[in-house]
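Order of the sequence lines fixes the chain letters, A, B, ..., with proteins taken first and strands second; residue numbering starts at 1 for each chain.
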Amino acid sequence: MPRLPRSFFARPTLTVARELLGQRLVKVERGKRLSGLISEAEAYIGEEDLACHAKAGRTPRTDVMYRKPGSLYVYFTYGMHWMMNIVTEREGFPAAVLLRGMIPDEGIATMRRRRGRRDHLTDGPAKIAEAMGIDKRWNGIDLCDPDSDLFIEPCRPVPDSLVGAAPRVGLGGAPEPWLSQPWNFSITRAGLVKWGQHTSL
DNA sequence: GGCCCGATACTCT
DNA sequence: GAGTATCGGGCCC
């Protein structure tokens, strides 16, 4: 199975976030594939970015952000939700892309079961993690290791005309300019239609 | 569709 | 002890 190589993630985080749109997130469970196309991704870049967890430096939680690109950073928030991020740039520099939206494709019945048969399967970061069965056990795994059961498969590129950039979501009181940086990338609603996808997004 | 709010436990101060 | 890169239910359009 083809998977995006480390060289894809070892680039500027904004580039990686933008280019992750339209790529396929795949998890193999007991030989069965769960997958979806990434529709929204958000960049967090370095200790200077005061919206980034690494603003507090290297701690037990943020340690993975300093590791090699292509590592998975999974963290827990609001007392109940897991979030998936992919580490970017060079080893030693803390940056990552948060996966915020996905168009479900393979294994939808499994995702629906995990999501309690709710309609909105993967239109939010915690929903993706729940539908894909990702929790702390997956923190630190390497998506570029040919043996890992989680990876990004190259798929259809999304043209710029179908992509929007916006401020990042849920940052609350983060100071400027970080609060307003347009570091959230998504396939627009019109773009989703053009893609022929019909989802709850 | 929208707004409001409570749940819930981990992380760092 | 405060804050949190969210979600879903209740309610009202």
Centroid distance under 5.5 Å and plane angle under 30°, A:Tyr44 vs C:dA5: yes
Whole angstrom is fine here: how far is it from [atom1] in [X] over to [atom2] in [N]?
| X | N | atom1 | atom2 | answer |
| --- | --- | --- | --- | --- |
| A:Tyr75 | C:dT6 | OH | P | 6 Å |
| A:Gln181 | C:dA5 | CD | C1' | 15 Å |
| A:Leu171 | C:dG3 | CG | C1' | 14 Å |
| A:Trp82 | C:dC7 | CH2 | C1' | 16 Å |
| A:Arg168 | C:dT4 | CZ | C1' | 15 Å |
| A:Arg118 | C:dG9 | CZ | P | 6 Å |
| A:Glu40 | C:dT6 | CD | C1' | 13 Å |

A:Thr110 OG1 to A:Arg115 CZ distance, which is reported to the nearest 0.5 Å: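 A:Thr110 atom OG1 to A:Arg115 atom CZ measures 14.0 Å (nearest 0.5 Å).
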Sugar-phosphate only, base, or nothing, as touched by A:Ala51 at under 4.0 Å among non-hydrogen atoms: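 Here A:Ala51 touches the bases of the nucleic acid.
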Touch class at under 4.0 angstrom, heavy-atom based, for A:Leu98 against every strand present: base
Donor-acceptor side-chain pairing of A:Arg100 and A:Ser186 below 3.5 angstrom: no
Residue among A:Gln181, A:Lys55, A:Arg168 satisfying side-chain contact (heavy atoms from CB on, under 4.5 Å) with A:Asp49: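 Among A:Gln181, A:Lys55, A:Arg168, the one meeting side-chain contact (heavy atoms from CB on, under 4.5 Å) with A:Asp49 is A:Arg168.
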For A:Phe8, the option from A:Ile152, A:Thr15, A:Leu20 that meets side-chain contact (heavy atoms from CB on, under 4.5 Å):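 Only match with A:Phe8 under side-chain contact (heavy atoms from CB on, under 4.5 Å): A:Leu20.
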Residue A:Arg115, side-chain heavy atoms: nucleotide from C:dA5, C:dG8, C:dT6 that is nearest: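 So the nucleotide nearest the side chain must be C:dG8.
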Out of C:dA5, C:dT6, C:dG8, whichever nucleotide has its closest atom nearest the side chain of A:Lys127: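 So the nucleotide nearest the side chain must be C:dG8.
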Side-chain N,O (A:Arg100) to OP1/OP2 (C:dA5) below 4.0 Å: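 No, A:Arg100 has no side-chain N/O under 4.0 Å of OP1/OP2 on C:dA5.
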Nucleotide forming a Watson-Crick or wobble pair with C:dA5, both distances under 3.5 Å: none
Crowding at CD, A:Glu48 (>12 non-hydrogen neighbours, <6.0 Å):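 No, not enclosed.
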Basic-acidic side-chain contact under 4.0 Å: A:Asp142, A:Arg6: yes
Salt bridge flag under 4.0 Å for residues A:Arg114 and A:Glu29: yes
Reading 5' to 3' through nucleotides 7-13 of chain B, protein heavy-atom contacts under 4.0 Å coded B for base, S for sugar-phosphate only, - for none: BBBSSS-
